[in-house]
Amino acid sequence: MKLNKNKVRVLALALSAAMAVSAAAAPTAEAKTAKPKLSATKVSLAVGSTKKVTVKNAKRAVWSVDKKGKAKISLLKKSKKGVTIKGKAAGKAKVTAKMSYGAKKTLKKTITVNVKEKTKTDSGQTEAPQQTAAPQQTANAAVPTAAPTQAANETMMPEPQIPSQNPIETPAGERWLTTWGTAEEKCNTTRESMPMLSMEGTTIRQIIRVTTAGEKIRFRLSNQYGESDVTIKSMHIAKQIEPTKPDIDTYTDTVVTVGGQEEFIIPKGELIVTDAVDFDVEALENIAISCYFGEAPEILTGHRGARATTYQLEGNMVSDETFEEPKTTTAWYFLADASLLSPEGGRAVVCFGDSITDGYGTDASYLGKKPDSYTRWGDYFAKRLQENEATKNVSVINEGIGSNSILGDYPTDAGKDRFERDLTQHDGVAYCIILMGVNDLHQLENTDKFDQLLPEYQKMVQLCHDNGIKVYGAPLLPFGTSDYYSEASEEVRTKINNWMRSEESGMDGIIDFDKAVADPDNELAIKKEYTGTDGLHPYNGYQVMAEAIDLSLFEK
């Protein structure tokens, strides 16, 4: 077949255009899979000073120190964008960067680090390392004579920060929101809630589940009941891979500092807040918090009823992917809460109560249950909030303590005395659910207890309102088939519940767990399928309790 000259020209032009488009597209495709680049592969710094190495084009970056160099440097603020290297002792060390890019490609690079002793001035003083924040200083600038001297092998302990001091400025349009929290108590009430090894010189990996999403995180650490300081030599966080194992995703391993220092103390009787770190986390994800401990007091501040496994090994294992044959407990130590930097509009719910809120029975082996199930009513509540578009930015803080009562001080401070702490020490609290008081009603002989409890409930309601917090009353659950029951106990329970439901109480709403779990054939008792022979704890009815909550109460 013959083609005329005009058709030939048209085909030639079309072919030429296609080739040009193809050539233009090639660099774009190549750019998408460009290999990661480090800003430096050789670093020199002095003892005590830091330098940052940045990375480009990496989707993820995992930073690790060659084991031979662990004592010479430490890695701070690890992320996919870079790492900050701190000199700890003179010598050479190597840092490995494992970076992922493109679809499934990885690249390993090594950074050689040379750590030098601090230089001496003519006066014999140790010269402080040059600060990157002051580039206008010349190399021969005089060292102030008032600067304190310090030997290169000494470590300055930071001044611990306290909750009233915000470690970083909150960006406009964002706010800190507590995404997880627990009620502090003395862990030595029972031997089972204490670490199986001496705490000093060991790493303890604790697991928490956040209830909202965020990209920056900080922690409150409490030594409220300790009679001496706690020394934390290193604290790392990472995402847990499986809920029942200590394994972590090492890609997410991140150092947590206080005042910019990896080693810090929690003073006796105090609460401190850590620096904020970059850490992307989704709602309902588990975070592993690994702390390598120095000295610790005999009386440990923490929470006995973690219902999650805590792992312990000798040595510094904060960045290890797994723990081989660890000792285990089901308690948290020194953790008070975790907060995320969240969009404005984020709100927290404090669930204040006793063992029913703490999740009694969810990890009881004699009931065929195990830890790490996350089946407390608060856990189910958090899931429901995430499933509802209007409440995805609402977090849940569990402030339940087993065996605790409003008036009594076992196993820790009475509910009336800890309520203000558990309500106001967190960020972004907008709501409070009060399900508390059944432990005050054990086999009462008369109804005098009502007159003692009423003023305490009223103070709780007032404290919530004084802090701009909506308070929702949860009438006490029935316990007619338990050994708590007496006619006087039931009469006081009825009085409390009637008061809560009345306008006189000042409650902003009612969450009726009572009706949700009561036996329709016997309103004095919990339905047997929820409580078995216990009669007091609806451990098989926690999901039913959560489903009884009207989510519209938390939409504004």
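Model, not experiment: these values are computed from the prediction.
Interatomic distance, N393 CG to R347 CZ, rounded to the nearest 0.5 Å: 5.0 Å. We find the SG-CD1 distance between C432 and I469 to be 7.0 Å, quoted to the nearest 0.5 Å. Once rounded to the nearest 0.5 Å, the distance linking CG of L335 with CD1 of I289 reads 4.5 Å. If you take CE on M545 and CG on D512, they are separated by 10.5 Å, rounding to the nearest 0.5 Å. C464 SG to K470 NZ: the interatomic distance, rounded to the nearest 0.5 Å, is 12.5 Å. Summarising the geometry, atom CD belonging to E263 is positioned 10.5 Å from atom OG belonging to S74; distances are rounded to the nearest 0.5 Å.
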Please evaluate residues I549 and F381 with respect to the criterion side chain to side chain contact (heavy atoms under 4.5 Å, CB included), reporting the C-alpha separation (whole Å), side-chain torsions for both, the decisive distance (0.1 Å), and the verdict. CA-CA 8 Å; I549 300 173; F381 179 35; 3.6 Å; yes
Apply salt bridge (Lys or Arg N to Asp or Glu O under 4.0 Å) to residues K216 and D278 and explain how you reach the verdict. CA-CA 5 Å; K216 279 186 181 291; D278 294 325; 2.5 Å; yes
Stepwise salt bridge (Lys or Arg N to Asp or Glu O under 4.0 Å) test for K369 and D363: CA-CA 5 Å; K369 300 176 185 292; D363 61 343; over 6 Å; no
Could you walk me through whether M460 and L423 pass the side chain to side chain contact (heavy atoms under 4.5 Å, CB included) test, one step at a time? CA-CA 9 Å; M460 292 180 191; L423 181 76; over 6 Å; no
Does K86 form a side chain to side chain contact (heavy atoms under 4.5 Å, CB included) with Q261? I'd like the steps, not just the answer. CA-CA 10 Å; K86 180 179 180 180; Q261 300 295 317; 3.1 Å; yes
Might you work through the side chain to side chain contact (heavy atoms under 4.5 Å, CB included) test for V277 and I217, ending with a clear yes or no? CA-CA 6 Å; V277 295; I217 194 167; 3.7 Å; yes
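Under 4.0 Å is where a charged nitrogen must lie from a carboxylate oxygen, and between K416 and D440 no such pair does.
Because its NZ or CZ atom is both nearer than 6.0 Å to the ring centre of Y251 and within 45° of the ring axis, R60 counts as a cation-pi partner of that residue. By the 6.0 Å and 45° rule, R209 does not stack over the aromatic ring of W180.
Residue E547 places its CD atom among more than 12 non-hydrogen atoms of other residues, nucleotides or ligands, all under 6.0 Å distant.
Taking the centre of each ring, Y542 and Y380 stay at or above the 6.0 Å mark. Ring pair Y472/F554: centre-to-centre distance below 6.0 Å. Taking the six-membered ring for Trp and the full ring otherwise, F293 and F334 have centroids separated by under 6.0 Å.
The closest side-chain heavy-atom distance from I237 to F219 is below 4.5 Å.
Here the shortest heavy-atom pairing between V461 and S505 reads CG1-O, 3.7 Å. Scanning both residues, A183 and R418, for their nearest heavy atoms gives CB-NH1, 3.7 Å.
Side-chain polar atoms of E262 and S234 form a donor-acceptor pair below 3.5 angstrom.
Taking the six-membered ring where the residue is Trp, F323 and Y311 present perpendicular rings, their angle passing 60° and hence far from 30°.
With F513 as reference, I511 is the one residue of V517, I510, I511 to meet the side-chain contact (heavy atoms from CB on, under 4.5 Å) rule. Checking each of V43, I73, L38 against V95 for a side-chain contact (heavy atoms from CB on, under 4.5 Å) leaves exactly one that passes, namely I73.
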